[in-house]
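Atoms within a ligand are numbered from 1 in the order they appear, just like the ligands themselves.
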Amino acid sequence: MPKTTPKTTKQTAPQLSFDTLCIQGGYDPRVSEPRILPIVQSTTYRYDDIDHVNRIMTLQEFGHKYSRTSNPTVAGFEARMNLLEGGTAAVATASGQAANLLAIINIVRPGDHILAATQLYGGSFTLINSTLKKFGIEASFFEPDASRAEIEKLVRPETRLIFGETIGNPGLSILDFDKLASIAQKHGIPFVVDNSLATAYLCQPFKHGANIVTYSATKYIDGHATSIGGVVIDGGNFDWTNGKFPDFTTPDPTYNGVIYTDQFPQTAFVIKARSQFLRDFGGCLSPLNAFLFNLGLETLHLRLPRHGENALALANFLEQHPKVAWVNYPGLNTNGKKRIVKYFRHKNGSGILTFGIKGDLDSVRRFVKKLKVAALVVHVADARTGVLHPASSTHAQMNAEQLHAAGITPDMIRVSVGTEDIADLIADFDQALNA
Ligand SMILES: *Cc1c(COP(=O)(O)O)cnc(C)c1O
């Protein structure tokens, strides 16, 4: 077993390709150590002298002290995610919600203001629009395709971050990175991007001006619907010393007065998030889930192309079907295609598409009930195909206006297309639509 932490020498081997890093990145065992990242199911680490522990506790030296703030298995997963995304450091969390909360709370204070896209995962919308407001953190929302001028009108002196999703869930609009990054840069605030539905395989937001990337690892990183978890990754490309972020540049009395930007110029964001908020809020990832996510990453580069191919084929089939009113897949519409070409590493979408059935809510009900290969689930990004009716489920808390802004219509069915044989999927959708 590794003595304290898996060695991460592959972190210093950037010449390895993305696909190789999916499999080998972040963990480099020495002779006779396990080839596979071990599950270190331990809360506790042993030390020989009190000076060593003191150096770790005061952030003078890195070392595991207690698995709420770090653990060797979790560190292996974090290192791999960081390599794939091209960041400077990563911190894993108990869920995607915990990741977005951690990323935001590490930046804002009560009285600050967040600018967020309307097309967001339902939980991210309620976090920003409702729960954070109770803690004195204000928010405004912009249509992702609103003009630069319209979005800039919403920027206030207290605005401290811009938040969006690479692929908005479930409106599926692809983020206009250049527009939002330039607004963020002009106002000296970080651009935070939730990359859950694209993953670094399709898109690496740091290359397009994002400063912080967040994940629900629950989705394509896991890929098999086994575990809940999340990750926050630092691009190391934001100047926290510009005067707007005193928590980064003034002494933290809880760590003997450390100043994060002085001591950790490249990784201040993640060190502060881990040291303050994993310590105090405790939303850490378990070693077993880190192991499963790490295993999921080993097939990310194989699964994502298949999800994309299947989704495109199903979208094409649905577009021709007489019972289908409309289909939305980023690979099919003009804006989506344009942005895939501009921002994506591979020129396809993910496995998520939406469509509308002709008829009323009863037609939706009947269709869902008849599916045999696909199943009604709330989850997305599983190897198994799932469908969902967002207006009555994940986004049921929204009023009609908010639904419209989020890009959700009453007839919308969201499909998370899996990696099954596409012929079986098409046959299943066909029989259910015709029933
Ligand atoms: C699922 C999801 C989340 C929330 O993640 P959990 O792991 O379910 O907490 C956040 N953002 C996006 C885009 C998601 O799809």
Side-chain angles (χ1 to χ4, degrees), residues 74 77 81 85 90-105 114 116-132 141 144 161-175 192-203 205 210 212-233 278 281-286 288-290 292-293 296-297 300 304 307 311 330 349-354 377-382 386-388 390 393-398 406-408 414-418:
V74 176
F77 168 60
M81 285 297 291
E85 207 61 53
V91 52
T93 59
S95 66
Q97 285 300 113
N100 282 326
L101 172 64
L102 181 65
I104 292 171
I105 220 74
I114 296 171
T118 47
Q119 281 200 17
L120 292 185
Y121 176 73
S124 304
F125 181 75
T126 51
L127 172 68
I128 295 171
N129 188 51
S130 170
T131 301
L132 286 177
F141 292 85
L161 68 92
I162 298 184
F163 184 85
E165 296 176 359
T166 304
I167 303 178
N169 181 358
L172 305 184
S173 82
I174 289 173
L175 214 56
V192 182
V193 175
D194 182 331
N195 201 32
S196 305
L197 295 191
T199 79
Y201 176 81
L202 290 180
C203 180
I212 304 296
V213 164
T214 65
Y215 271 94
S216 167
T218 317
K219 308 298 162 51
Y220 285 116
I221 304 302
D222 174 316
H224 303 80
T226 68
S227 315
I228 303 269
V231 190
V232 178
I233 305 159
L278 277 196
F281 290 173
C284 59
L285 185 65
S286 78
L288 177 60
N289 284 6
L292 289 166
F293 291 147
L297 282 176
L300 184 75
L304 261 286
H307 279 291
S350 72
I352 320 291
L353 66 85
T354 56
V377 292
V378 174
H379 192 56
V380 295
D382 186 5
V387 301
L388 178 78
S393 55
T394 45
H395 291 68
Q397 79 285 356
M398 286 188 168
I408 296 163
R414 183 186 70 191
V415 188
S416 170
V417 185

Quick one: does Glu85's side chain have a donor or acceptor within less than 3.5 Å of a partner on Val213's backbone? no

Among protein heavy atoms, which sits nearest to atom 8 (O) of ligand 1, and what does the distance come to when rounded to 0.1 Å? Tyr121 OH, 3.9 Å

I need the atoms of ligand 1 closer than 4.0 Å to a non-hydrogen atom of Asp194, numbered in the order shown. 10 (C), 11 (N), 12 (C), 13 (C)

Contact with ligand 1 for Ala99, non-hydrogen, under 4.0 angstrom: no

N/O donor-acceptor pair under 3.5 Å between Arg414 side chain and Val378 backbone: yes

Ligand-residue contact atoms, ligand 1 with Glu165, heavy atoms, under 4.0 Å: 13 (C)

Using a 4.0 Å cut-off to any heavy atom of Gln97, which atoms of ligand 1 qualify? 4 (C), 5 (O), 6 (P), 9 (O)

Within 4.0 Å of some non-hydrogen atom of Gly229, the atoms of ligand 1 are 7 (O)

From the list Asp194, Ile233, Val193, Leu197, side chain to side chain contact (heavy atoms under 4.5 Å, CB included) with Tyr215 holds only for Ile233

Just by modelled atom types, is the Val380 backbone N or O under 3.5 Å from a matching donor or acceptor in the Ser416 side chain? no

Tell me every residue that passes ring pair (Phe, Tyr, Trp, His ring centres under 6.0 Å) with Tyr121, counting only those two or more places apart in sequence or in another chain. none

Counting only N and O atoms by type, is there a donor-acceptor contact under 3.5 Å from the side chain of Asn195 to the main-chain atoms of Cys203? yes

I need the nearest protein heavy-atom contact for atom 15 (O) of ligand 1: residue, atom name and distance, please. Lys219 NZ, 2.7 Å

Listed by chain and number, what are the salt bridge (charged side-chain N to carboxylate O under 4.0 Å, His left out) partners of Asp222, not counting sequence neighbours? none

Using a 3.5 Å cut-off on N or O atoms only, is Gly96 in polar contact with ligand 1? yes

Would you mind running through ligand 1 and noting each atom that sits below 4.0 Å from a heavy atom of Thr218? 6 (P), 7 (O)

